[in-house]
Amino acid sequence: MGSWAKCNENPTWYEAGTYDVAVIGAGHAGCEAAFACAHLGLTTVLFTLHLDQLANLPCNPSIGGTAKGQLVREIDALGGVMGEMADLSAIQTRMLNRSKGPAVFSPRAQIDRASYSRRMKERIEKEENISLIQGEIVELFWEEQDGEAQKLRITGVRTRSGACYHVRAAVICSGTYMESRTIRGEVIVESGPDGLSRSVGLSQSMREAGIPMQRFKTGTPVRVNARTVDTSVMEIQPGEPDMPPFSYANEMKGVVPKQEQIPCYAVWTTPLTKQVISDNMDRSPLYSGVIEGTGPRYCPSIEDKFMRFKEKSRHQIFVEPMGEGTQELYLQGFSTSLPEEIQVQMVHSLPGLEHAHIQRAAYAIEYDCIDPQSMDLSMESTKLEGLFTAGQINGSSGYEEAAAQGLMAGINAARKLRGEPPVILDRSQAYIGVLIDDLVTKGTREPYRMMTSRAEYRIFLRQDNADMRLTKIGKEIGLISDERYSAFEAKMNAIEEEKERLRSTHLPPSPKLHEILERCGSTVNKSGISLAELIKRPEIHYSDLAEVDEKRPELSQDVIFAVEVDIKYEGYLALEEERIKKFARLEKKKLSKDIPYDQISGLRLEARSKLMERKPMSLGQASRISGVSPADIAVLLVYLESKGKEDNGARDDG
C-alpha cells in the first residue's frame, strides 16, 4: 500500500505534476506552511477542499487573545503572514490583561471573517511559487528506504479525482475535516465545519503508514441576526484604538488601528438558561455517549459548563460581530450540541436575545487527528520521512496555534529539502517553542490550547518583545527582508540609546519634580535622582516625567514601551535570564538517537521504555517526558559524562 506504482496501474489515475512540497489544507496552518516554503524558494502545491474558504474562521471571528496574541506576534517576527492579515481585517482591537503585568498583556482583534479569507486567498494567488488547487487528497505515496519496510519516505499524493503529484515533502494541515461529522442532538451529519464537505480516506492512508491516530471533538456556537437583538440591555465592550498592530512591520511604519471600531457586548446566562439545559441533558450527545471524541477542557460547551461548574449560577456570554458586511453576531462561550429546538429556547433565555433569530445553529464536530508524540520537534513524522503535520491534526485547538505550527512545519520542510538543519525554538525563546515541545514531548489527550501559564519564562516571552527574540532568527532563515531587518536594528539601537540616556540623566530636587511625584503618589526625593531610577518606581511612568525631561527625543510608542518595561522590570528580567541560562545548559546536552537506553543501568524500566520510544533530542526534552524522573535524568547525565570520557580517550589513543 502507498506505492507510487499504483498511480500507473490504475487507468483512471494520472500523473499531474511534480513539486518540491505539497501542503494539504489551506486553513491557518496550511497558508503559513505554503508561504514559508514558497518564500524559501520551493515549488509548492497547496490543496484545499474549498477554494472560497481559505484561512476560514469557522469557530470564532477573532485572532489573538490571552497567550494567542503572543503567538501571532511571534509568527510575524519570524516572517509569517497572520499578523499582517489580521491588521488588514480587524474591526475591533483590544489589549487584554491591561490590569495585570506586561508579561501577560495579550492583543486581540475582532476580525471581519469574509475579508480575512478573501485577502489571504488573493495573497496566495499572487505568490509565484504557490500553485493553489481545489482538490481532496485521499492518499499518500511512499517508498521503502534501503530496502527496509520500517523506514518509509514520502514520494507523492493523490486526489480523489485521480491526479497524482510527485513531491519530496508534504505538510498535512487538515484542521477538523478528517473523517469529520457534525452533531446536533440526534442529528448527525458527515460533514466538515459550516456544513462543508469533509476529508475521507487520508486518515486511513496515514494509518497504513504507521502513524497513530486519535479522535477529538470541538464545537461552534450559535449565530444570530443583529436586527433581532437588543444590545441596549447588554454591557458594551468598545475597542481600544491605541493598541499596537499585530505586525511589527506595520508597527514600525506607524500604522494604527481604525479609530471607529465596531463594539462587542457581554451578557450573562439566566436561571432560565440553566433550567432549559438541565431539563434537556438527556438529549445532550455529550452525555448520552453519541460523541466519541474528547473535547477541549478549557473551552467547554455551555451544557458542560453548567455540569462541571455546578457552584456557578451563571456564565458570561460575549456577543460579537462577524464582520462589517453582515448582520451575523456570534455568541462566544455558547457552543452546544443540544438539538436545534432546545438551542432556540437557550438563546431566548438570554438578556437582549429574547427575540433573536438564529441564522446558524451551534454544533459539535468530531474529527481524526494524530498522536503528536509521533512527530519530532521539527514537526516531521517519526514514521514517514518527509511528512510534516501542523495545526489541529496535531491535537491542538485555535487558529493561532495552527498558524504557528504551520509556519514552523513549512520552514523545516524547506530546510530538509535544502539539506539544512531544522529550526527548533526552545521553551525559553518563544511561546511557539512551548507549544510544540508540549505537543511532541508530553502529547495531549484533549484539544491543546495555549495559555500563559504553560510558559515558564513568560516574563521574558512578552508580546511586545517577540521581535527582539525572533527577528534575527527569521532573517537567518530567510523570511525577513533586508529592509525590515534594518528597521528592526534601528529600533533596537533607539531602545538602547534611550535607556542609557535615562540612566545618565540626573535630576536635582525641584518644585516641578516634587509636584509630579506628589501627583503620582510617589515619595518626594531630597537629593538628585536619575530618570531611570524614577521610572523603576511602580507608580511612575515614562510619560509622567516629560515636563522635567528637557532633552527627551521624539520616539515611537513601541520604543517607549520597550524602554519602560526593560527599566521597570530590570531586576525580574535579570533573574529570568539566569533561569534561562540554567535551562539552556540542560537543553544543550544533545542526545543521540542511537543511545541504548535499555542497556543503561540505573534507569527505571518505565524510563527506559519511554526513552526508547520517544528518542528525545536533548536532556531537557527527556526531563519533560512523562515517566522520566529527575533520578533518571541524573543517571543519564552520568552516562553522558562517562561516554564523553570514553570518546575522548579513543581519540587520544588514535
(Q) Working note: Val276 + Leu338, criterion side chain to side chain contact (heavy atoms under 4.5 Å, CB included); need CA distance, chi angles, decisive distance, verdict. (A) CA-CA 11 Å; Val276 170; Leu338 284 163; over 6 Å; no
Q: Before accepting this row, confirm whether a basic side-chain N of the pair Glu366/Arg181 lies closer than 4.0 Å to the acidic partner's carboxylate O.
A: yes
**Q.** Rounded distance (nearest 0.5 Å) linking atom OG of Ser335 with atom CD of Glu303
**A.** 7.0 Å
Q: Assess whether atom CD of Glu260 is packed by more than 12 heavy atoms of other residues, nucleotides or ligands within 6.0 Å.
A: no
Q) Can you check whether Met322's main-chain N or O pairs, donor with acceptor, with Thr326's side chain at less than 3.5 Å? A) no
Q | Distance (rounded to the nearest 0.5 Å) between Gln463 CD and Thr66 OG1 | A | 11.5 Å
Q: Taking the side chain as every heavy atom from C-beta outward, state whether Lys100 and Phe105 have any pair of such atoms under 4.5 Å apart.
A: no
**Q.** Ionic contact status for Asp437 with Lys442, cut-off 4.0 Å
**A.** no
Q: Answer yes or no: is there a side-chain heavy-atom contact under 4.5 Å between Val267 and Gln316?
A: no
(Q) For the backbone of Val81 and the side chain of Glu32, can you confirm whether one donor and one acceptor N or O come within less than 3.5 Å of each other? (A) yes
Q) Given side chains that start at C-beta, do those of Ile302 and Thr269 come closer than 4.5 Å, heavy atoms only? A) yes
(Q) Is any side-chain heavy atom of Glu139 closer than 4.5 Å to one of Val157? (A) no
Q: Please test Arg445 against Asp371 for salt bridge (charged side-chain N to carboxylate O under 4.0 Å, His left out), starting from the C-alpha separation and ending with a verdict.
A: CA-CA 8 Å; Arg445 292 294 174 261; Asp371 179 347; 3.7 Å; yes
**Q.** Any side-chain heavy-atom pair of Pro193 and Tyr177 under 4.5 Å
**A.** yes
Q: Answer yes if the side chains of Asp76 and Ser247 hold a donor-acceptor pair under 3.5 Å, and no otherwise.
A: yes
Q. Is a side-chain donor-acceptor pair under 3.5 Å present for Gln53 with Thr48?
A. no
Q. What pairs with Tyr116 under ring pair (Phe, Tyr, Trp, His ring centres under 6.0 Å), at least two apart in sequence or on another chain?
A. His28
Q.
Please determine whether a side-chain nitrogen of the Lys or Arg among Arg98 and Asp242 lies less than 4.0 Å from a carboxylate oxygen of the Asp or Glu.
A. yes
Q: Might you point out which heavy atoms bring Gly135 and Phe47 nearest each other, and give the distance in Å?
A: O-CB, 3.9 Å
Q: Taking all heavy atoms of Ile370 and all of Ile211, pick out the closest pair and write down the distance.
A: CG2-CG2, 3.8 Å
Q. Would Arg73 count as a cation-pi partner of Tyr248, with NZ or CZ less than 6.0 Å from the six-membered ring centre and within 45° of the ring normal?
A. yes
Q) Atom OH of Tyr457 and atom CD1 of Ile459: how far apart are they, to the nearest 0.5 Å? A) 12.0 Å
Q: Determine the sole option in Gln110, Glu240, Gln261 for which the side chain to side chain donor-acceptor pair (under 3.5 Å) test with Thr93 is passed.
A: Gln261
Q.
If only side-chain N and O atoms count, and only distance matters, is there a donor-acceptor pair under 3.5 Å linking Ser115 with Arg119?
A. yes
Q: Assess the side chains of Ser396 and Asn394: does a donor N or O sit below 3.5 Å from an acceptor N or O?
A: no
Q. Any salt bridge between Arg469 and Asp464, counting N to O under 4.0 Å?
A. no
(Q) For the residue pair Arg123 and Phe35, would you count it as a cation-pi contact if the rule is NZ or CZ under 6.0 angstrom from the ring centre and within 45 degrees of the ring axis? (A) yes
Q) Between the side chain of Tyr265 and the main-chain N/O of Ser232, is any donor-acceptor distance below 3.5 Å? A) no
Q) Is Arg207 paired with Asp368 through a side-chain N to carboxylate O contact shorter than 4.0 Å? A) yes
Q | CA sep, side-chain torsions, deciding dist, call: Asp87, Lys253, salt bridge (charged side-chain N to carboxylate O under 4.0 Å, His left out) | A | CA-CA 13 Å; Asp87 288 339; Lys253 293 175 187 174; over 6 Å; no
Q.
Return the CG to NE2 distance between Leu272 and His348, rounded to the nearest 0.5 Å.
A. 11.5 Å
Q.
Restricting to side chain to side chain contact (heavy atoms under 4.5 Å, CB included), what partner residues turn up for Ser313, sequence neighbours left out?
A. none
Q. Can any side-chain N or O of Ser161 pair as donor or acceptor with the backbone N or O of Thr159 at less than 3.5 Å?
A. no
Q. Is there a donor-acceptor contact under 3.5 Å from the side chain of Ser89 to the main chain of Ile111?
A. no
Q: State, yes or no, whether a side-chain contact exists between Cys264 and Phe318 at a heavy-atom distance under 4.5 Å.
A: no
Q: Flag the pair Arg215 and Glu179 as a salt bridge only when some basic side-chain nitrogen lies within less than 4.0 angstrom of an acidic carboxylate oxygen.
A: no
**Q.** Distance, nearest 0.5 Å, that separates CD of Gln405 from CD of Gln392
**A.** 9.5 Å
Q) Should Glu400 and Met450 count as side-chain neighbours, where that means a heavy-atom distance under 4.5 Å? A) no
Q: Take Leu435 and Leu439 through the side chain to side chain contact (heavy atoms under 4.5 Å, CB included) test and state the conclusion after the steps.
A: CA-CA 6 Å; Leu435 164 66; Leu439 290 171; 4.0 Å; yes
Q: Please determine if Arg427 and Glu456 form a salt bridge, counting it only when a charged side-chain N lies under 4.0 Å from a carboxylate O.
A: yes
Q) Between the side chain of Gln70 and the main-chain N/O of Arg458, is any donor-acceptor distance below 3.5 Å? A) no
Q) Just by modelled atom types, is the Ala362 backbone N or O under 3.5 Å from a matching donor or acceptor in the Gln343 side chain? A) yes
**Q.** Contact summary for Gly30 and Leu46, nearest pair of heavy atoms
**A.** O-CD1, 4.1 Å
Q. Would a distance-only check, ignoring hydrogens and angles, find a side-chain to backbone donor-acceptor pair under 3.5 Å from Ser117 to Ala55?
A. no
**Q.** Distance-minimising heavy-atom pair for Tyr431 and Leu461
**A.** CE1-O, 3.0 Å
**Q.** Pairing of Glu122 and Lys126 as salt bridge, 4.0 angstrom limit
**A.** yes
**Q.** Non-hydrogen atoms of Cys173 and Val23 that approach each other most closely
**A.** SG-CG1, 4.3 Å
Q: Grab the two heavy atoms, one from Thr270 and one from Ser349, that are nearest each other, plus how far apart they are.
A: OG1-O, 2.9 Å
Q: Run the numbers on Leu425 and Leu470 for side chain to side chain contact (heavy atoms under 4.5 Å, CB included), then give the verdict.
A: CA-CA 9 Å; Leu425 302 175; Leu470 299 173; 4.1 Å; yes
Q.
Has Asp112 got a side-chain atom pairing as donor or acceptor with Ala114's backbone, closer than 3.5 angstrom?
A. yes
Q: For side chain to side chain contact (heavy atoms under 4.5 Å, CB included), just list the numbers for Arg462 and Val565, CA-CA rounded to whole Å, side-chain angles, deciding distance to a tenth of an Å, and then say yes or no.
A: CA-CA 10 Å; Arg462 305 189 309 275; Val565 170; 3.4 Å; yes
Could you pull out every donor-acceptor pair under 3.5 Å between side chains of residues 57-65 and any protein atom, sequence neighbours left out?
{"residue": "Asn60", "atom": "ND2", "partner": "Ser62", "partner atom": "OG", "Å": "2.8"}
{"residue": "Ser62", "atom": "OG", "partner": "Arg108", "partner atom": "NH2", "Å": "3.2"}

Q. So how far is it from Met346 CE to Gln275 CD, rounded to the nearest 0.5 Å?
A. 13.0 Å
Q) Is the number of heavy atoms from other residues, nucleotides or ligands under 6.0 Å of Gln134 CD greater than 12? A) yes
Q) Below 4.0 angstrom, N of the basic side chain to O of the carboxylate: do Glu341 and Arg283 qualify? A) yes
